[in-house]
2 protein chains.
Amino acid sequence: MDLLNKFKNSLNANNYKLTRQREDILKIFLENKDRHFNAEELFEEVKKINYDVGLATVYRSLELFCELDIIHQLDFDVSCKRYELNIQGNHHHHLICLECGKIKEFNDRVLEEFENSIQKEHNFKVVNHRIKFYGICKKCEV
Amino acid sequence: MDLLNKFKNSLNANNYKLTRQREDILKIFLENKDRHFNAEELFEEVKKINYDVGLATVYRSLELFCELDIIHQLDFDVSCKRYELNIQGNHHHHLICLECGKIKEFNDRVLEEFENSIQKEHNFKVVNHRIKFYGICKKCEV
DNA sequence: ATCGATGCAAACCTTTTGCATGCAG
DNA sequence: CTGCATGCAAAAGGTTTGCATCGAT
């Protein structure tokens, strides 16, 4: 089942209505899997395909999508909230260039093991982690 | 040299004045090394020892202290900016309990090595990293 | 037809800024 | 004395909310 249908089922199962606006907003996420939208940017994109969407609806949809685990909040940006799609098997972390601000994603395997040692050493049952490496990307290093 | 004097020198070296307010704000940080203040909380604390401090001064001091590398911004909280002291040799990461919200700090050694593999694999020169583990703390697990 | 979802505008909250005054150097 | 730092209040983002209307079921 593709993501759009999965989303539709999820709405249904939770007694939320499938509206034009919600579908359009999700489409923007699906068509830009590598982007990390904030509300304003998402609003700009959605207006291109449906001019009558309000900013408040974008905010309300972002909250709803988080609740349904379709997207999650990111913490790159201290001045606004950013979001990205939750795609199964897409657990990854970010390399953030201090020069150009470009964000590259990378998958990890090593760190999963590391969680176990934390669990033992600190009596802390790890559920999730969020890791950011700041540095200088290939392009900027020249 | 203790941190307070180090701070005074740093101000001086950069042609900033040592004011009563700046000193009082830094004192709050020094007396609460384990806390992660936002502006409002810091403001409340400072007012206890110096009632005439304005909130704008707190914000301006936070910016200045970041510039001087005395403190740094944290990203736990998407709804406000939080800060903690930069203490040499105190590079650490955070275990954040999803139940009670308590934040425990831990030091790492293993991860430093991991940076090297990223550097090779992704052509990305790592300068810094920020890592958060979310989970359930000892107290909440019972 | 019903009740949740929407658009708009107003409210809110955190942070920043302009300006007259204060005070460290 | 001089110019940076401060307090206050206003402004500026970003986000949330109240309310009348719209539209999915």
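Worth knowing before you read on, the calculation uses all heavy atoms, side chains too, and leaves out hydrogens, waters and symmetry mates.
From one end of the helix from C:dA1-D:dT25 to C:dG25-D:dC1 to the other, with five pairs defining each end axis, the axis direction shifts by 30° (rounded to 10°).
Taking atom NZ of residue B:K17 and atom P of nucleotide D:dT2, one finds them 13 Å apart after rounding to whole Å. Atom C1' of nucleotide D:dA24 and atom CD of A:Q21 are separated by 11 Å, given to the nearest angstrom. One interatomic measurement links the two molecules: NZ of B:K81 to P of D:dG14, which rounds to 11 Å at whole-angstrom precision. Protein atom CG of B:L55 is 14 Å distant from nucleotide atom P of C:dC13, rounded to whole Å. Across the protein-nucleic acid pair, B:N12 atom CG and D:dA5 atom P stand 12 Å apart, rounded to whole Å. One interatomic measurement links the two molecules: CG of A:D77 to P of C:dT14, which rounds to 18 Å at whole-angstrom precision. As a whole-Å value, the separation of A:F43 CZ from C:dC8 P is 8 Å. Atom pair B:N50:CG and D:dT6:P shows a separation of 11 Å (rounding to whole Å applied).
The residue B:N38 sits apart from the nucleic acid: no heavy atom pair falls under 4.0 Å. Residue contacts for B:N15: at a heavy-atom cut-off of 4.0 Å it reaches no nucleic acid atom on any strand shown.
Between B:F7 and the choices B:F65, B:F29, B:Y16, the ring pair (Phe, Tyr, Trp, His ring centres under 6.0 Å) rule is met once, by B:F65. With B:H36 as the partner, the side-chain hydrogen bond (donor to acceptor under 3.5 Å, both in side chains) test is satisfied by one option alone out of B:E41, B:E105, B:R82: B:E105.
Mapping B:T19 and B:C80 onto DNA chain C by nearest heavy atom places B:C80 closer to the 5' end of the strand. The nearest heavy atom of DNA chain D to A:S79 and to B:R20 marks one nucleotide each, and the one closer to the 5' end goes with B:R20.
Listed in residue order, the members of residues 56-67 of chain B having a heavy atom less than 4.0 Å from DNA chain D are B:A56, B:T57, B:R60.
Ion pairing of A:E23 with A:K8 is present here, as a side-chain N (NZ or NE/NH1/NH2) and a carboxylate O approach within less than 4.0 Å.
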